[in-house]
Asks: 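Take a look at the following structure, please.
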Amino acid sequence: MTDPFDHEAPGPRPGGIAARALGARSQPDYLVRLNSEQRLAVETTEGPVLVLAGAGTGKTRVLTTRIGHLLATGKARPSQILAVTFTNKAAREMRHRIGDLIGPAVEGMAWLGTFHSIGVRILRRHAEMVGLKPNFTILDADDQVRLMKQVIQAEGIDEKRWPAKQLAGLIDSWKNRGLSPKDVPPGDGGGFASGKALKLYAAYQDRMKVLNACDFGDLLLENLRLFREHPDVLAEYHQRFQYMLVDEYQDTNVAQYLWLRLLAQGRRNICCVGDDDQSIYGWRGAEVDNILRFEKDFPGAVVIRLERNYRSTSHILGAASHLITHNEGRLGKTLFTDATDPDAAKVQVASSWDSEEEARAVGEEIETLQRRGHALNEMAILVRASFQMRSFEERFIQLGLSYRVIGGPRFYERQEIRDALAYLRIVMQPGDDLAFERIVNTPRRGIGETTVRLLHDHARARQIPILQAAEELTLTSEIGAKARTSLRDLVAAFARWRGKLGVIKHTELAEIILDESGYTEMWQQDRSADAPGRLDNLKELIRSMEEFESLEGFLEHIALVMDRDSADSNDAVSIMTLHSAKGLEFETVFLPGWEEGLFPSQRTLDESGRAGLEEERRLAYVGITRAKQRALIWFASNRRIHGLWQSSVPSRFLDELPDKHVDVVEQTSSYGGYNVGGVGNYGASRFDRADPFANTYSTPGWQRAQKNRAAGTQSTSRGASRLIEGELIAKSTGPSSAYACGERVFHQKFGYGTILEIEGNKLTVDFATGPKKVVDSFVSRG
DNA sequence: AGTCAATCTGTTTTT
DNA sequence: CAGATTGACT
């Protein structure tokens, strides 16, 4: 049997380690480095195994060593092991670490990847069986929504009342649960579009088949269909996958679970590694239940707990462990450590007046640590919601403290990248209507809405791709002369570019396309501040194409691997959300914003009740356990939400931390006027303010004072006036600002401009786009 | 086709 | 409050 995916030639098994491992009676050295539970998890190769790996207990080591062990003992060849992760980053890391263990043989591990990348791989091989062609397109979130918009409109439903985004969410949740249109229980549409959601779902799926496209959910859903409708195909994979390993099992959704279960029916050698206490993706379909139910789903399963923590101090561990015991329905683990540093810091809890002071306090703490020789790379600020990042960024800019924000808008999501990719997609796949619609008038070609509608109708009526419809319509006089000419040029250009496919190098072709289409020029003409950056991004895109053999390979990669590895080597503090911190560790972790409503998030509480609260608590647990040496928690007494000042109550999670491992820091700030209660939680929260004026903070008068403060007006209100001083010192470069009228300045967003007027720290600057009011700390000398 | 004002909407995010 | 999005207008 020839198998294009089998990189490894049949024949003798990989020699090196196998001989070493089996030749001698003594333990192979890779096993000696494990503790007894880890070793058990590695050596229990047959049958279902669930490894409950607490934070910092060597989960990845177990996974990689287990694979090494399977290979070393000759139980499997690299191509016979299915190893699934959630993120590309995790897959990369695993591949790297297995490589360290077994050497170049890791190249043969063709089935190590994310659920989606493996799903695509399988689907492309059997595409015809589910009504697709092997070169089907993978739609991203943006394409999905645009397509749904069209479907909604085609059904004659008011898109305003029933937004496509919402439908996308609904369909996504169905797909997460493994439900294709025929499986959705009637009435499950939640009243969307008066019960038409299901019909829209079916229409959307039909439309995708016509476009020869798949969305992310389909990659798994179609796999399920394939396996169910074609037992012979499933049997082939049963034969192939001798051993299966799954990382972060607590994050699997129902579709992924079903997929695993179908595959595991073969050899039944499935090893899932996860931590129910770190399940934080319930809101996007992950089912903690999958891990809680493992023993029922896989009878005879061996459950192994890894509880020995190698990461954190006993205080950090003690605090996190105690916090998480407040959750019900856990499988239950108790982390412990041998670390006995008598000087280890307790988890620190401190309060601040508002988010600005919080940022100031964190900044001071960071600078102190830095002075003592701690690397910024070993510090992270983990927030619940990304809007919290802003105050830290602002403060760190003022301090000149280097930081990096992890997460945020991704490379592939940028407009210019998506436009460029659309061009490339059409060249690869002329039937990619969504891509065509995206760029048909970008850059402007005088092909407006009317023309596009005409094309659309024609394409629909004749059941042909829009590009072909365009070609046909340029021969008639249905479209205006101007539009017709440019449309004809565009169609001809695509034909020309396609002719070069495989003839010239794909990077060269991409450059030609971007130049000849006028796309590069469009940004060169653009005078806005971010235009140069966009051109750089396009260059970067071309550069990253070099690593691929063909355009096809590159587009596949882009569709599936949407993370950019920001190998930033500078020493900088990381700022990120708690969600994106999972799997990472830092010497020092700052956890700001522990306030009711924010963390736990009110919305989660409203939407998911107790389950939501528990997920928030797990998030808190993840946050604390990221810390190796120090965890510092803050809460602010006042926070501005949607522009309104709200006084806030300390998070209930603070009360759930054990006194033994926590240091509550008394208010050090000169202002604030309240203090944090002593330790001892009888009756009211021990973090309740002892300030008799506390309840005045929510009065209209107080809020007015706060508004004045925000507007820069002096207020006589006690706390506020001091805060203004603080702000002036911190934010303004001086009473009359360090700038002068007529000076040329640069702004991140607006570009270069000339100062027209100065008002304290506020400048009125004449940018290319017109005069704008900006704060002086946001501009630099141009 | 392009600009401006009214209106809405405010978590977490990978693939 | 501020950013994004939409709709009306020119």
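Convention: sequence-line order gives letters A, B, ...; per-chain numbering from 1.
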Asks: Closest nucleotide of DNA chain B for A:Ile447 versus for A:Leu605: which of these residues is on the 5' side?
Replies: A:Ile447

Asks: So, is A:Arg640 close to the C:dA2 phosphate, meaning a side-chain N or O under 4.0 Å from OP1 or OP2?
Replies: no

Asks: Quick check on DNA chain B: between A:Arg444 and A:His579, whose nearest nucleotide comes earlier from the 5' end?
Replies: A:Arg444

Asks: Could you state the CD-C1' distance from A:Glu248 to B:dT15, rounded to the nearest angstrom?
Replies: 15 Å

Asks: Search all heavy atoms of A:Cys214 against all heavy atoms of A:Glu222 and return the closest pair with its distance.
Replies: SG-CG, 4.5 Å

Asks: Quickly work out the A:Lys165 NZ to B:dG10 P distance and round it to whole Å.
Replies: 9 Å

Asks: Would you kindly give the CG-to-P distance between A:Asp215 and B:dT14, to the nearest whole Å?
Replies: 17 Å

Asks: Taking CZ from A:Arg390 and P from B:dG10, how many angstroms apart are they, rounded to a whole number?
Replies: 17 Å

Asks: A:Arg284 has a side chain; which of B:dT15, B:dT13, B:dT12 sits nearest to it?
Replies: B:dT13

Asks: With the threshold set at 4.0 Å, does a side-chain nitrogen-carboxylate oxygen contact exist between A:Glu287 and A:Arg177?
Replies: no

Asks: With distance as the sole test, does A:Ser651 use its side chain to make a donor-acceptor pair with the main-chain N or O of A:Phe599 at under 3.5 Å?
Replies: yes

Asks: Do the side-chain N or O atoms of A:Ser601 get closer than 4.0 angstrom to the phosphate oxygens (OP1, OP2) of B:dT12?
Replies: no

Asks: Side chain of A:Phe216 only, please: which of B:dT15, B:dG10, B:dT12 is the nearest?
Replies: B:dT15

Asks: Identify which one of A:Gln388, A:Glu595, A:Gln646 satisfies the side chain to side chain donor-acceptor pair (under 3.5 Å) criterion when paired with A:Arg639.
Replies: A:Glu595

Asks: Rounded to the nearest Å, what distance is computed from the NZ atom of residue A:Lys582 to the P atom of nucleotide B:dT15?
Replies: 12 Å

Asks: Expressed as a whole number of angstroms, how long is the span from A:Glu556:CD to B:dT15:C1'?
Replies: 12 Å

Asks: Identify the heavy atoms of A:Leu323 and A:Phe653 that sit nearest to each other, and give their distance.
Replies: CD1-O, 3.6 Å

Asks: Rounded to whole angstrom, note down the P distance from C:dT5 over to B:dT12.
Replies: 15 Å

Asks: Among B:dT15, C:dA2, B:dT12, which nucleotide sits nearest the side chain of A:Ser386?
Replies: B:dT12

Asks: Name the closest nucleotide to the A:Arg603 side chain, picking from B:dG10, B:dT12, B:dT15.
Replies: B:dG10

Asks: Atom NZ of A:Lys175 and atom P of B:dT15: how far apart are they, to the nearest Å?
Replies: 18 Å

Asks: Give a yes/no on whether any side-chain N or O of A:Asn88 is located under 4.0 angstrom from OP1 or OP2 of B:dT15.
Replies: yes

Asks: Taking 5.5 Å and 30° as the limits, would you call A:Tyr281 and the base of B:dT14 a stacked pair?
Replies: no

Asks: Nearest whole Å is fine: how far is B:dT12 C1' from A:Glu607 CD?
Replies: 11 Å

Asks: If I compare all heavy atoms of A:Thr114 with all of A:Phe86, which pair ends up nearest, and what's the gap?
Replies: CG2-O, 3.6 Å

Asks: Which nucleotide sits closest to the side chain of A:Lys149: B:dG2, B:dT12, C:dT6?
Replies: C:dT6

Asks: Would you classify A:Gly217 as touching base, sugar-phosphate or nothing, given that sugar-phosphate means primed atoms plus P, OP1 and OP2, and contacts are heavy atoms under 4.0 Å?
Replies: nothing

